[in-house]
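This one's a predicted model, so the numbers in the text were calculated from it and none came from an experiment. Numbering of residues begins at 1 and proceeds along the displayed sequence. Reckoned from all heavy atoms, side chains included, excluding hydrogens, waters and symmetry mates.
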Amino acid sequence: MSTILNATEVTVRYGERAILDAATLAIDEGQRLGLVGRNGCGKTTFLRLLAGLQSPDSGTISRRRELAVSYLAQDFMLDPTQDVRGNVRAGAKYVLDLIAEFESLPHDSKRHEELEHRIQTLEGWTVDQRIETALSHLNCPPGDREIATLSGGEKRRVALARAIVSRPDFLMLDEPTNHLDPESIEWVAEFLENFGGTFLVVTHDRYFLDRVVTRMVELCDGKFWWHDGNYTDYLLDKAERQEADAVIEHKRQMFLKKELEWVRTGPRAQRSKQKNRFERYYEEAAREGPTVEEDMELVIPPPPQLGNRTVEVNNLGIELGGRKLFSGFNFTFENGKRVGVCGRNGLGKTTLLKIIIGRLAPTEGTVKTGQLTMFNYVDQSRLQMNDERTVLEEASDGTEFVLWGESRISVRSYLKRFLFADERITTQVKKLSGGERSRLLLAKILKCGGNFLILDEPTNDLDLPTLRVLEEALIAFPGVVCVVSHDRYFLNRVCTDILAFEGDGKIHHSVGDYDYYLEKKQRAAVAASRQSAAILAVNKSAALSRAAATKTAKPRKLSFKEQRELEGMEAQILAVEEEIARIEALFVSPDFHRTHATQTNQLTAQLAAAKEQAMQLYARWEELEAIKTAAEKP
């Protein structure tokens, strides 16, 4: 296996802090890598180095000759002078330039042959087809839309499509699943599973990591640590490594304690041995122990007591812009419930939240809110922050304390629980990393308290350790939690109920976590499939009866067109029945839950369409066969 990219003794400093400290990493051809580490540890900086957008303070980044690299950055930029399709097509510039050069050269040129081989390797001849496929599966806006008219989520999907259409040798994706619905995430996962090159992905989506990567790289204290396997394997390896480090550190501390007692006795004999022992003591004392990662203690102030009624919705529905998003929704948010809201983008999840808190009036139905219910709503846009203010100024808003139940704690103490050290507390907001900004926003919003906590996509841009702490805090929250998320792992850990938008104008309630909802949805799809099969059998029998009855009618011959149609009918029926068998096999396969659960609606629709087509083909076949038989009868 050849190495395509090498980072050797790379150092990057921001002020006194070394983000990368003589770090070395070799990436081999065909590797499927996941990069993890706390926000602010240098992951994005390292990706920029690999993409050639930044230079290290020292060390080298070497790449294989003519290595095609594609990079989706968190802070991506789109060309406002081009439409959606033009921006996506720009992602394939490398291969398009090769095609242009190939077409400009004479066919007997040696370079012509080299270019043809390179274009075939990059699958360049199908680039236009791949552009349309990516636009479709990522739910991108129409290709002729102007970039200035797009939302933040739409721009990110366009940037993702631009990054993957070129089929590069080395693909880097920084948080590719942010702002994607489950179907789009599923498509990206399948794309990476079938990707023929090397890729490096940074994401907080733990199911995504478990599915697509085969090796994990952790960036910690400016160094890289390798872990074979996926994210779950990485967690197990890291736990074992930390346990081993703790044992070594315990032995070191015991040695120092023993030697310190010996030093204090001031022995005088055997001076050469004393000197060696002193040297060993000071050598061990000077050596640093293993770094202990500090976990954030997410502080959600104790909420006021809830009344008997929290929020009740009755026959709720809404229509926006002439389009009905949902109707007939009934639900009671009871104290202690942690409700997950899921579904494709654009179906009305955020609209539901705004109706619940009273920011939007429903078209039909009512929302009844208890007198003691206090909402704390964290929306997708979060809050606007003043980049010129310090962390302390932004979090405090002029106050020195945060209310904590019936007592209070200082804003400084509060911020330290969000992993802000003293020097970062006085840092300007504009100098914070993306992860630090997210933690500051959470600190600023969650200090508002409330007993009904509503979070719209809270997992975007949070690192994995912070996500785990947020999950624990929400599980322990003594009120009501309602959270919109596409993060399956998050929904499984936190939620007691699921409200699912399935695209049929209804909101479906399922008790239990997200996996249990998918399991029930799969069972319902299988039951619907069996019912359709029974209807198909009845219709086939009826078609045979009708065909038999037509034998007594006045015979006529098949036309030439009908004869050709009948000759090809058997092959058509066979193809449709094979498609039905393929989809039904997916539904009953043991790994359906892992690989195709998010496609249940799509597969159910495909199965129903295939069975409908089969019924029509059988009916037509029987009709033509009956005409043929009657005509041949003497």
Check whether any side-chain heavy atom of Thr214 lies under 4.5 Å from a side-chain heavy atom of Asn230, and answer yes or no. no
Looking only at atom types and distance, does a side-chain atom of Asn87 sit under 3.5 Å from a main-chain N or O of Asp79, one as donor and one as acceptor? yes
Evaluation steps, side chain to side chain donor-acceptor pair (under 3.5 Å), between Asn492 and Tyr207: CA-CA 11 Å; Asn492 277 339; Tyr207 273 107; 3.0 Å; yes
Hey, mind stepping through Leu415 and Val391 against side-chain contact (heavy atoms from CB on, under 4.5 Å) and telling me if it holds? CA-CA 9 Å; Leu415 286 171; Val391 171; 3.9 Å; yes
Applying side-chain contact (heavy atoms from CB on, under 4.5 Å) to Phe375 and Ile356, what does each step give before you reach the verdict? CA-CA 9 Å; Phe375 293 111; Ile356 291 172; 3.9 Å; yes
Rounded to the nearest 0.5 Å, what separates atom CD1 in Ile454 from atom SG in Cys482? 5.5 Å
Rounded to the nearest 0.5 Å, how far apart are CZ of Arg64 and CG of Asn6? 12.5 Å
Take Asp28 and Gln31 through the test side-chain contact (heavy atoms from CB on, under 4.5 Å) and record every step on the way to the result. CA-CA 6 Å; Asp28 294 334; Gln31 286 188 324; 3.8 Å; yes
Okay, side chain of Arg48, backbone of Leu53: is any donor-acceptor separation there less than 3.5 Å? yes
For Arg32 and Leu200, indicate whether the former's side chain and the latter's backbone hold a donor-acceptor pair under 3.5 Å. no
Can you confirm if the NZ or CZ of Arg206 lies within 45° of the ring axis of Tyr231 and under 6.0 Å from the centre of its six-membered ring? no
State, yes or no, whether a side-chain contact exists between Asp221 and Asp21 at a heavy-atom distance under 4.5 Å. no
Can we say Lys431 and Asp387 salt-bridge, meaning some charged N sits less than 4.0 Å from an Asp/Glu carboxylate O? no
In Å, rounded to the nearest 0.5 Å, how long is the span from CG of Leu219 to CD1 of Ile19? 8.5 Å
Whether Arg493 side chain and Arg488 backbone form a donor-acceptor pair below 3.5 Å: no
Under 3.5 Å, is there a donor-acceptor pair between the side chain of Lys349 and the main chain of Cys342? no
Among residues at least two apart in sequence or on other chains, which ones pass side-chain contact (heavy atoms from CB on, under 4.5 Å) with Ala92? Val95, Leu96, Val127, Val165, Ser166
Could you work out, with side-chain contact (heavy atoms from CB on, under 4.5 Å) as the rule, every residue matching Ala90, not counting sequence neighbours? none
Are His486 and Asn178 linked by a side-chain donor-acceptor pair shorter than 3.5 Å? no
In terms of relative ring orientation, are Phe46 and Phe224 parallel, tilted or perpendicular, with 30° and 60° separating the classes? tilted
For the side chain of Ser510 and the backbone of Ile498, is there at least one donor-acceptor N/O pair under 3.5 Å apart? no
Once you round to the nearest 0.5 Å, how far does CG of Leu455 lie from CG of Leu474? 6.0 Å
Tyr489 and Tyr514: aromatic ring centres closer than 6.0 Å? no
Is a side-chain N or O of Asp233 found less than 3.5 angstrom from the main chain of His227, in a donor-acceptor match? no
Which is it for Val481 and Lys337 under the side-chain contact (heavy atoms from CB on, under 4.5 Å) test, yes or no, and what are the steps along the way? CA-CA 6 Å; Val481 174; Lys337 279 187 179 293; over 6 Å; no
Spatial distance of atom OG1 (Thr496) from atom CZ (Arg338) [nearest 0.5 Å]: 5.5 Å
Would you check if Asp169 and Thr198 make a side-chain contact, meaning some heavy-atom pair closer than 4.5 Å? no
Does Thr232 offer a backbone N or O that forms a donor-acceptor pair with the side chain of Asp210 under 3.5 Å? yes
Under 3.5 Å donor-acceptor, Thr203 side chain and Asp205 backbone: yes
Considering residues at least two apart in sequence or located in another chain, which fulfil the side-chain contact (heavy atoms from CB on, under 4.5 Å) criterion with Val69? Leu67, Phe170, Met172
Check whether Ser136 reaches the backbone of Glu132 with its side chain - one donor and one acceptor, N or O, closer than 3.5 Å. no
